[in-house]
Every structure is written in structure tokens, then in C-alpha cells.
Number of protein chains: 2
Amino acid sequence: MMKDPLASYPGYVLRRAAHAAGAELTMRLEPLGLRQSDVSMLILIEANPGITASALGRMLDIQRANMVPILKRMEDADLIVREAIDGKSMGLEVTRAGLARLADARAVIDQFENELLERVPAEHRHHLLPALNALWR
Amino acid sequence: MMKDPLASYPGYVLRRAAHAAGAELTMRLEPLGLRQSDVSMLILIEANPGITASALGRMLDIQRANMVPILKRMEDADLIVREAIDGKSMGLEVTRAGLARLADARAVIDQFENELLERVPAEHRHHLLPALNALWR
DNA sequence: TATTGTTATACTCTATAACTATA
DNA sequence: TATAGTTATAGAGTATAACAATA
């Protein structure tokens with residue numbers, strides 16, 4: 001058997017756990033034709049109607065320039081619309097069709113998040129979210 | 001202020017925490033001319049001398065095909081050597097220069113991992129690693 | 001002067017298929 | 001028959017620079 005000294009490094013295990021979870025969620029969203037970033041954006045736009053692409057990108061840590069093709073694809077898929085706020089900014093809204101897809105995605109995600117937490121032994125379970133939030137913010 | 005409903009999703013926070021930590025470690029390793037994968041490989045090769053590229057890839061969840069350019073770069077940088085085990089397999093070893101670089105990298109990583117854990121409130125701290133390991137394995 | 005949206009571009013990481021040679 | 005190493009290639013995600021138009 002191979003030795004794995006990396007298992008004791010929190011940073012490494014964090015990366016592996018995130019990758020494993022991310023790959024699984026991507027697989028589960030695939031039948032819906034949605035990517036993780038799509039769902040994140042739909043959730044944030046629904047919670048903040050009229051948000052601009054720049055502000056959305058700042059929340060998700062995605063560069064302005066990289067938002068363009070993503071939002072264009074979502075607009076082409078009739079998931080969101082862009083409406084002029086003023087001559088410079090565009091406000092984002094979730095379409096009716098987008099809300100329906102979002103409802104499906106939420107069912108997938110809620111199930112996924114529940115399963116994720118169930119894998120964590122009970123004595124550690126409620127420490128996960130606050131610990132991770134402390135690492136991120 | 002914008003609403004952020006994503007903050008309550010463990011999977012999302014996991015991804016953000018891993019990305020933030022990864023970006024920071026990458027920055028700290030950059031002066032050493034090493035990437036995270038380089039250091040992971042050096043650690044694993046040192047712990048398992050003579051390991052093959054395929055076995056190393058399986059441990060790190062990196063495809064065989066993607067190991068080729070990585071190992072070639074590390075060999076060109078005189079961090080590792082490949083020695084024939086038989087007519088098919090090559091055993092990997094860390095060079096003397098590789099060991100020196102690995103020592104520098106370990107100092108960076110140990111400091112980084114300590115700081116990472118210090119950011120987690122004490123009551124959650126020792127739950128992080130077991131919780132993450134449960135998600136991954 | 002700072003910000004928004006945009007185009008173009010490049011680099012890294014990752015995934016797949018196919019091939020050769022050997023165990 | 002399964003495995004190791006390799007090549008080629010394509011798709012994501014991400015990062016930077018630059019520009020026009022507007023706040």
C-alpha cells in the first residue's frame with residue numbers, strides 16, 4: 001500500500017473534497033442542461049433582481065470579461081433577460097422559464113447538499129459550514 | 001447590500017474556500033518556481049520511492065495522459081528522475097536538488113497550513129480535517 | 001475619473017481516444 | 001488481457017489587456 005502523507009494537510013484535503021463534491025454535482029446537474037455557475041447565477045439573480053453583470057461577477061469572483069459568454073449562453077437559453085437600467089448598465093432578471101429550471105435545480109442541489117452533510121460523522125457535521133466560511137471570508 | 005443565499009450551501013462554500021486557499025498557496029509557492037501539483041508529487045514520490053507515473057496519477061486523481069507533460073517539466077527542472085523498473089514501467093525518484101526544493105516548499109506549506117487552521121475559530125478547528133476527509137473518501 | 005460592457009487572447013487544467021509495447 | 005507510457009486534441013475555467021461609452 002502506498003503512503004499518503006498528504007492526507008494530513010487541511011489545504012490538500014480541502015482541495016480534494018471540493019473537487020470530488022464539485023464533480024458529483026456537475027454530473028447531477030448535467031441532465032438539466034445546467035452548470036454549477038448557471039445555478040449560482042440564477043439563485044443570485046433571483047435574490048437580487050436587476051443586479052448587473054459586474055456586481056454578479058464580483059459576488060462569484062468571476063472576472064467581468066468572463067461573464068460575457070456565460071450570460072450570453074444563459075440569455076440564448078431563455079434563462080435570463082437583460083434590461084437596460086441606464087445607458088451604461090444592464091439589469092439581470094430570471095425569466096419564467098429560468099424560474100422553472102431553477103426549481104428543478106434546487107431540488108437536485110438540496111438533495112445533494114443533504115447527502116453531502118450525511119457523509120460527515122454527526123459529531124463533526126455542524127462544524128463544517130462555519131469552519132469553511134472562516135476559511136473563505 | 002446584496003443578498004447571498006449561496007453562503008448557506010456547504011457545497012458552494014466548500015468550493016469557494018478551496019479556491020481561495022488554493023490561490024493563496026499558489027502565490028506563496030510561485031517564488032520557489034513550484035506549483036501545487038509539483039509539491040504534491042515530490043511529497044508522494046519521496047514517501048514512495050520508485051512509484052510509477054500511473055500509480056502517482058491514481059493517488060492524485062490525475063489522468064495518465066496528463067502526467068506526461070508535468071513529469072517531463074519536473075524532470076527537465078532536475079527535480080525528479082525516471083529509472084526503468086522493467087521494460088514497461090518507470091520508477092520515479094526525487095533528486096538531491098528536488099529534495100532541497102521540497103524542503104523549501106515544506107516550510108512554505110507548513111506555515112500556510114498553520115495560518116489556514118488559525119483562521120478557523122477554535123471550537124470548529126479540529127473538526128475540519130475529519131469532516132473534509134469524510135467528504136472526500 | 002471610475003465603472004460597465006465588450007472583444008480578443010493566452011494559459012492552465014482536465015477529459016477522451018487511440019496507439020505501442022510490455023506484464 | 002490488462003497495464004504503462006505516450007501523443008494528440010478538445011473543452012472548460014481563468015487571467016490580462018485594451019477599448020468605447022456612460023456614470
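If you're wondering where the values come from, they're calculated on a predicted model, not measured in any experiment.
- Backbone-only contact: A:Met90 has heavy atoms under 4.0 Å from sugar-phosphate atoms and none from a base.
- Here B:Gln63 does not reach the OP1 or OP2 of C:dT14: none of its side-chain N or O atoms lies under 4.0 Å away.
- Between B:His127 and A:His127, the ring-plane angle classifies as parallel under the 30° and 60° cut-offs.
- Distance CG (A:Asn66) to C1' (D:dA17): 13 Å, rounded to an integer number of Å.
- When only modelled atom types and interatomic distance are considered, A:Gln111 and A:Arg28 share no side-chain donor-acceptor pair under 3.5 Å.
- Hydrophobic clustering, with ILVMFWY side chains joined whenever heavy atoms are under 4.5 angstrom apart, groups A:Leu6 together with B:Leu132.
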Quick one: what's the B/S/- string for nucleotides 17-23 of chain C, heavy-atom cutoff under 4.0 Å, read 5' to 3'? B----BS

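- By the 4.0 Å N-to-carboxylate-O rule, A:Arg137 lies close enough to B:Asp4 to be salt-bridged with it.
- Counting heavy atoms from C-beta on, the side chains of B:Tyr12 and A:Trp136 come closer than 4.5 Å.
- Hydrophobic clustering places B:Val108 together with B:Leu79 (ILVMFWY residues linked when any side-chain heavy atoms are closer than 4.5 Å, directly or through intermediates).
- For the pairing with A:Leu92, the side-chain contact (heavy atoms from CB on, under 4.5 Å) check across A:Thr52, A:Leu71, A:Asn48, A:Ile85 returns one residue only, A:Leu71.
- In this structure, CG of B:Leu71 is placed 15 Å from C1' of D:dT7, rounded to the nearest angstrom.
- Neither OP1 nor OP2 of C:dT4 sits under 4.0 Å from any side-chain N or O of A:Arg82.
- Near DNA chain C, meaning a heavy atom under 4.0 Å away, the residues from residues 36-60 of chain A are A:Thr52, A:Ala53, A:Ser54, A:Arg58.
- The 12-atom threshold is not exceeded at CD of B:Glu30, counting heavy atoms of other residues, nucleotides or ligands nearer than 6.0 Å.
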